[in-house]
Amino acid sequence: MMPAPLLPSDPSDLARAVARLREAMHVLVLTGAGISAESGVPTFRGPEGLWRDFRPEDLATAEAFERDPRLVWEWYDWRRQSVAEARPNAAHVALVRLENRVPEMLVVTQNVDGLHGAAGTRRVVELHGSLWRLRCVDCRQEQDDRRAPLPELPPRCACGGLLRPGVVWFGEALPQQALFESFTAAQRAEVVIVVGTSSVVYPSAALPQAAKSVGAFVIEINPEATNLTPIADVSLRGTAAGLVPALVEGAA
Ligand code: APR
């Protein structure tokens with residue numbers, strides 16, 4: 001007996017998701033690296049996630065920066081250059097259309113690539129910061145700088161201090177205001193759409209459960225099953241650029 005081919009999502013699952021989304025007045029969208037994969041931005045835990053054989057966990061830490069700020073900046077400068085070439089894909093663009101239709105919608109992203117904002121999404125919370133933001137380790141001044149490559153590594157603040165990437169590193173606290181806004185939206189959401197995340201990093205991964213515990217309908221979009229799949233009401237197997245537009249078109 002040949003095993004059944006891995007079928008694309010069951011059409012009835014997509015139909016159920018569309019029906020719930022069509023009625024929703026409050027929508028929370030949580031995105032991870034997978035939504036930017038089709039824009040050419042490598043995911044963290046996929047095969048292309050390594051740089052010079054380092055894992056993100058080896059470089060995205062205050063200790064690594066303390067030990068070798070130049071090496072850490074070489075990685076971030078490489079990521080900034082690859083993201084500088086990236087453009088929002090059909091999934092990012094479909095979420096802009098959804099935001100125009102839904103009375104209250106918030107996109108909470110773990111991504112630091114800025115592609116939701118580039119697509120035109122108005123309400124975005126960047127839970128893990130942004131590749132384009134730099135912060136001085138001495139005077140704490142924050143600045144946006146989109147130059148890729150940067151003229152010098154590591155970059156220096158006007159005060160002479162070292163500039164670090166304006167991202168949240170492993171072991172660091174997430175910005176309090178961003179967390180508050182995200183969990184407030186989770187309490188109000190009737191539908192949560194979770195796109196392209198392995199759901200292994202907290203507190204981001206706690207958002208869908210927080211929404212579900214107050215009655216939200218949880219829709220997952222991912223080519224693979226994840227830690228979220230068991231609690232999702234619908235888990236659509238497929239890519240972001242394929243399924244997010246289908247979900248949004250049906251609910252428009
Ligand atoms: N469309 C949708 N999902 C995809 C696609 C795609 N085209 N390609 C891959 N994926 C899925 C993978 O199946 C995986 O579940 O995207 C997910 C990517 O998972 P990770 O690489 O773990 O990225 P993410 O979940 O965003 O990581 C969370 O971990 O390293 C930290 O701070 C970093 O923000 C990051 C956090």
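Read the numbers this way: they start at 1 and go in the same order the structure lists the ligands and their atoms.
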Proximity to ligand 1 by part of T197, non-hydrogen separation under 4.0 Å: both
Mode of S198 contact toward ligand 1 - side chain, backbone, both, neither (heavy atoms, under 4.0 Å):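 The answer is both.
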Which residue owns the protein heavy atom closest to [atom], what's the atom, and how far is it?
atom                    : value
atom 31 (C) of ligand 1 : R45 NH2, 3.6 Å
atom 36 (C) of ligand 1 : V201 CG2, 3.7 Å
atom 28 (C) of ligand 1 : Q110 OE1, 3.3 Å
atom 17 (C) of ligand 1 : G196 O, 3.5 Å
atom 8 (N) of ligand 1  : A37 CB, 3.8 Å
atom 35 (C) of ligand 1 : F44 CE1, 3.6 Å

Sub-4.0 Å atoms of ligand 1 with respect to non-hydrogen atoms of [X]:
X    : answer
F170 : 30 (O), 31 (C)
T43  : 21 (O)
E38  : 1 (N), 6 (C), 7 (N)
N222 : 11 (C), 12 (C), 13 (O), 14 (C), 15 (O)
E224 : 13 (O)
T239 : 1 (N), 7 (N)

SB check R20 E190 (cutoff 4.0 Å):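 So R20 does not pair with E190 through a salt bridge.
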Candidate pair R164 and E172, rule salt bridge (Lys or Arg N to Asp or Glu O under 4.0 Å), full reasoning: CA-CA 14 Å; R164 59 162 280 178; E172 291 186 325; 2.8 Å; yes
Answer yes or no: is there a donor N or O on one side and an acceptor on the other, between the side chain of [X] and the main chain of [Y], under 3.5 Å?
X    : Y    : value
E220 : A232 : no
R146 : W132 : no
E99  : R123 : yes
N89  : A91  : yes

Close N or O approach (I221, ligand 1; < 3.5 Å): no
P223 touching ligand 1 at heavy-atom level, < 4.0 angstrom: yes
Would you indicate which of [options] comes nearest to [atom] when only heavy atoms are counted?
atom                    : options               : value
atom 34 (O) of ligand 1 : E57, H128, R237, R55  : H128
atom 10 (N) of ligand 1 : G238, A240, G34, S199 : G34
atom 23 (O) of ligand 1 : S39, G32, A33         : A33

Minimum heavy-atom distance P203-F183, with the two atoms named: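 Taking every non-hydrogen atom into account, O-CZ, 3.8 Å.
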Connected-component partners of F170 among ILVMFWY, side-chain separation under 4.5 Å: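 Hydrophobic cluster check, F170: no partners found.
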Intermediate values then yes/no, salt bridge (Lys or Arg N to Asp or Glu O under 4.0 Å), K212 and D233: CA-CA 9 Å; K212 189 170 179 74; D233 293 282; 3.1 Å; yes
Contacts of P154 that satisfy side-chain contact (heavy atoms from CB on, under 4.5 Å) - sequence neighbours left out: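 Only P69, R70, W73, L162 meet the side-chain contact (heavy atoms from CB on, under 4.5 Å) criterion with P154.
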Parallel, tilted or perpendicular: rings of H92 and H116 (30°, 60°): perpendicular
